[in-house]
Amino acid sequence: MANDKKTLTTAFGAPVGDDLNSHTAGARGPVLMQDVHLLEKLGHFDRERIPERVVHAKGAGAYGYFECTADVSQYTRAGFLTKGKKTDVFARFSTVGGEKGSADAERDPRGFAVKFYTEEGNYDLVGNNTPVFFIRDPLKFPDFIHTQKRNPKTNLKDADMFWDFLSLTPESIHQVTVLFSDRGTPATYRNMNGYSSHTYLWYNAAGEKFWVQYHFKTDQGIKNFTRQEAAAMRSADPDHATRDLFQAIEQGDSPSWTLEMQIMPYEQGLNYRYDIFDITKVWPHADVPPIVIGKMVLNRNPENYFAEVEQAAFNPSNFVPGIAPSADKMLQGRLFSYHDTHIHRLGSNYHLIPVNSPKHRPEASYQRDGAMRVDNGGGSGPNYWPNSFNGPGPDPDVRAPFLPVEGVAGPQPYPHPNDDFEQAGALYSKVMTDEDRTNLVGNIVEHLAGAQRRIQLRQAAVFYKAHPEYGTRVAEGLGLPVEEVQRLAAMTSEERAKATAA
Ligand code: NDP
């Protein structure tokens with residue numbers, strides 16, 4: 001470990017004479033209040049922990065670079081997406097539901113967050129290793145996460161909560177199918193893809209607009225654990241993915257990902273056969289073939305986990321000119337929630353923590369003061385706008401194009417006519433191999449077996465709606481009557497919920 005200091009000091013720099021024996025009144029007597037070094041040491045130790053992330057608590061991170069390898073200036077004016085340009089990045093991978101000490105090999109989506117330190121400020125892309133998500137409205141997010149965590153009474157993970165919510169929320173079927181495939185237990189963080197999952201807006205220098213989805217494809221190849229392999233790894237090495245990433249980079253075996261983009265012109269996207277703002281849907285590759293635009297390489301480990309990984313804060317609302325949000329409701333909710341939770345976890349000046357600071361475009365704002373404002377906080381410059389004292393002013397040239405909106409205000413579901421089962425059914429029947437399907441059904445049966453029978457029946461009907469064979473195999477695996485599952489599958493969601501109520 002690097003440590004240039006020769007003499008131990010207190011936090012305020014006073015040299016310390018003894019760090020093994022507390023001050024006492026007599027060799028066998030009580031400890032003295034005047035042992036200021038002891039009091040400082042214990043007091044700081046008592047405050048070592050900061051709040052754990054509510055989601056994505058367990059993670060590993062590394063530095064590297066992103067190199068843009070294609071000319072995409074016809075789609076975006078983002079400076080870091082100029083052909084040949086290299087941009088420093090910090091990436092963090094994580095599980096979602098487990099606590100900070102939970103096992104890396106749990107079945108869970110994996111977070112895939114990348115911070116690009118661009119010359120136009122930080123750009124954060126906060127994705128997952130899955131191209132879709134369980135729900136499409138942020139109002140459901142706290143409920144959904146509660147069901148993936150612990151029962152409020154037993155403090156145990158609870159299959160009833162887990163499957164009750166999902167079976168009453170059939171829009172989850174696509175993501176449930178990905179999660180319970182072996183992609184739900186990636187072999188390492190290096191062996192998985194990362195997806196934006198959301199649709200974003202790109203716009204070029206002329207103001208022309210495009211809808212995009214990001215796909216980071218692993219250059220190490222997709223490699224997953226079976227449920228048996230994952231279970232064995234959870235007990236053999238709960239930190240296996242953290243260890244793997246650190247060791248690979250330490251040994252100079254830098255993992256990399258190729259960035260592919262799906263890009264759709266603005267009008268085409270609005271009229272596309274799937275709702276591009278619905279995160280439970282993908283854009284089939286045959287409709288919108290992905291194009292390669294760059295590569296991300298991770299080649300440097302952090303020096304200090306707490307400073308650089310635990311305190312890393314990614315925020316989907318960190319955009320750069322050329323990139324803007326879409327109307328995806330989940331994304332809109334995240335634009336609020338990430339910044340909000342970072343303020344809670346790290347404080348209102350979390351952007352001053354070095355890993356979060358914009359390296360190449362320092363802050364020039366009128367936000368002032370707050371706890372732990374550890375730089376000069378704007379110094380003697382003006383703290384208001386407009387001012388005539390040479391303070392920073394807005395640049396109209398970096399405004400994103402204005403987008404039209406229409407309709408009435410109020411709580412409203414997505415208007416599109418897509419059914420929620422088709423793409424999950426296609427994944428099951430057209431993309432998966434026989435072995436994938438067998439593993440998928442086995443993974444589901446093992447987990448769903450822990451839920452009450454009425455919830456099993458309801459969820460089996462949801463699988464049946466995605467594909468009859470899928471639902472039938474799950475029902476058979478659980479020993480459920482297939483005719484009953486078929487009967488429930490023929491109902492509307494509301495009828496099915498009523499028929500399977502407690
Ligand atoms: P394609 O045949 O063109 O693409 C299928 C894609 O599915 C593959 O490229 C691969 O994505 C991914 N895939 C392969 N095996 C699995 C698995 N076991 N679990 C999850 N994903 C897997 O078909 P479409 O584009 O028409 O999509 C068909 C279905 O494939 C979708 O409904 C969706 O479930 C799934 N899919 C589609 C993606 C997309 O963006 N179109 C992305 C990922 C999955 P990859 O190359 O990214 O590894």
Side-chain angles (χ1 to χ4, degrees), residues 107-110 112 125 127-134 136 170-200 211-227 229-230 255-264 268-269 272-296 326 328 416 418-444 462-463 465-467 469-470 473:
R107 179 172 309 285
D108 215 353
R110 301 295 189 267
F112 193 109
L125 191 65
N128 280 329
N129 72 326
T130 60
V132 290
F133 198 63
F134 298 90
R136 54 173 165 249
E171 73 205 40
S172 63
I173 180 65
H174 197 177
Q175 174 78 327
V176 166
T177 303
V178 177
L179 178 64
F180 278 85
S181 78
D182 286 342
R183 286 198 179 196
T185 48
T188 73
Y189 289 136
R190 295 183 300 132
N191 293 108
M192 65 186 199
N193 295 339
Y195 303 89
S196 62
S197 311
H198 300 293
T199 296
Y200 288 93
W211 303 111
V212 301
Q213 296 231 351
Y214 298 65
H215 304 244
F216 285 89
K217 298 293 199 65
T218 171
D219 293 330
Q220 292 66 241
I222 293 270
K223 209 171 145 208
N224 303 312
F225 286 144
T226 63
R227 67 180 173 283
E229 289 167 339
S256 64
W257 285 260
T258 299
L259 177 57
E260 297 181 0
M261 298 298 300
Q262 286 185 295
I263 303 176
M264 247 200 269
Q268 185 189 328
Y272 184 49
R273 63 190 176 117
Y274 297 108
D275 189 329
I276 59 169
F277 304 142
D278 176 353
I279 193 174
T280 68
K281 307 292 183 296
V282 295
W283 306 352
H285 293 160
D287 290 358
V288 191
I291 57 167
V292 173
I293 74 149
K295 194 175 279 294
M296 177 174 79
S326 74
D328 175 334
H416 61 79
N418 303 150
D419 87 71
D420 287 322
F421 305 97
E422 180 207 336
Q423 290 197 349
L427 176 60
Y428 176 84
S429 61
K430 302 203 177 102
V431 177
M432 290 187 174
T433 63
D434 283 344
E435 186 185 353
D436 291 338
R437 284 188 279 265
T438 299
N439 291 0
L440 170 73
V441 171
N443 295 342
I444 291 169
V462 175
F463 291 129
K465 285 180 73 73
H467 196 280
E469 181 193 287
Y470 186 9
R473 288 179 68 178

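When a ligand or atom number is given, it counts from 1 through the structure's own listing order. Both backbone and side-chain heavy atoms feed into the values below; hydrogens, waters and symmetry mates do not.
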Item to check | Atom indices of ligand 1 within 4.0 angstrom of P284 heavy atoms, with elements | outcome: 24 (P), 25 (O), 26 (O), 41 (N)

Next on the checklist: I'd like to check atom 27 (O) of ligand 1 in this structure: does the protein have a heavy atom lying under 4.0 Å from it?
Outcome noted: no

Checklist entry - Of the backbone atoms (N, CA, C, O) and the side-chain heavy atoms from C-beta on, which set of H215 has a member under 4.0 Å from an atom of ligand 1: side chain, backbone, both, or neither? => result side chain

Checklist outcome for this item: Of all protein heavy atoms, the one nearest atom 17 (C) of ligand 1 is R183 NE, 3.6 Å

Checklist entry - At a 4.0 Å threshold, what atoms of ligand 1 neighbour a non-hydrogen atom of Q423? => result 32 (O), 34 (O)

Checklist entry - Would a 4.5 Å heavy-atom cut-off, applied to side chains only, mark I279 and D328 as touching? => result yes

Item to check | Min side-chain heavy-atom separation Q262-D287 under 4.5 Å | outcome: no

Checklist entry - Quick one: which ligand 1 atoms are inside 4.0 Å of a heavy atom on S181? => result 19 (N)

Next on the checklist: Does any part of the side chain of F421, heavy atoms only, come nearer than 4.5 Å to the side chain of V462, both counted from C-beta?
Outcome noted: yes

Checklist entry - To the nearest 0.1 Å, how far is atom 15 (N) of ligand 1 from its closest protein heavy atom, and which atom is that? => result V431 CG1, 3.5 Å

Item to check | Heavy-atom side-chain contact between T199 and M264 under 4.5 Å | outcome: no

Next on the checklist: What protein heavy atom lies closest to atom 45 (P) of ligand 1? Include the residue and the distance to one decimal.
Outcome noted: Y195 OH, 3.4 Å

Checklist entry - Which ligand 1 atoms, with their elements, are less than 4.0 angstrom from a heavy-atom of Q262? => result 40 (O)

Checklist entry - Would a search of protein heavy atoms around atom 9 (O) of ligand 1 find one under 4.0 Å away? => result yes

Checklist entry - What protein heavy atom is closest to atom 35 (C) of ligand 1, reported as residue, atom name and distance in Å? => result L427 CD1, 3.9 Å

Next on the checklist: The test is side chain to side chain donor-acceptor pair (under 3.5 Å); show your working for Q220 and T218 and say whether it passes.
Outcome noted: CA-CA 5 Å; Q220 292 66 241; T218 171; 3.0 Å; yes

Next on the checklist: Please check whether D436 reaches ligand 1 - meaning an N/O of the residue sits under 3.5 Å from an N/O of the ligand, judged on distance alone.
Outcome noted: no

Checklist entry - Less than 4.5 Å apart, any side-chain heavy atom of Q213 and any of S326? => result no

Checklist entry - For ligand 1, which atoms, with element, lie under 4.0 Å from some heavy atom of W283? => result 39 (C), 40 (O), 41 (N)

Checklist entry - Regarding K281 and the six-membered ring of Y274, is the cationic atom NZ or CZ under 6.0 Å from the ring centre and inside 45° of its axis? => result no

Checklist entry - Got the closest protein heavy atom to atom 4 (O) of ligand 1, with its distance? => result H285 ND1, 3.3 Å

Next on the checklist: Using a 4.0 Å cut-off to any heavy atom of N193, which atoms of ligand 1 qualify?
Outcome noted: 45 (P), 47 (O), 48 (O)

Next on the checklist: I need the nearest protein heavy-atom contact for atom 44 (C) of ligand 1: residue, atom name and distance, please.
Outcome noted: P131 CG, 3.8 Å

Next on the checklist: Within the structure, is a non-hydrogen atom of H174 found at a distance of less than 4.0 Å from ligand 1?
Outcome noted: yes

Checklist entry - R437 versus H467: any side-chain heavy-atom pair under 4.5 Å? => result no

Checklist entry - Does a side chain donor of either Q175 or T130 reach within less than 3.5 Å of an acceptor in the other side chain? => result yes

Checklist entry - E469 versus Y428: any side-chain heavy-atom pair under 4.5 Å? => result yes

Checklist outcome for this item: For K217, the ligand 1 atoms with a heavy-atom partner under 4.0 Å come out as 45 (P), 46 (O), 47 (O)

Checklist entry - Should the pair F463 and Y470 be assigned to parallel (<30°), tilted (30 to 60°) or perpendicular (>60°) ring geometry? => result tilted

Next on the checklist: Give me the residue, atom name and distance of the protein heavy atom closest to atom 37 (C) of ligand 1.
Outcome noted: V282 CG2, 3.9 Å

Item to check | Whether N191 side chain and G221 backbone form a donor-acceptor pair below 3.5 Å | outcome: yes

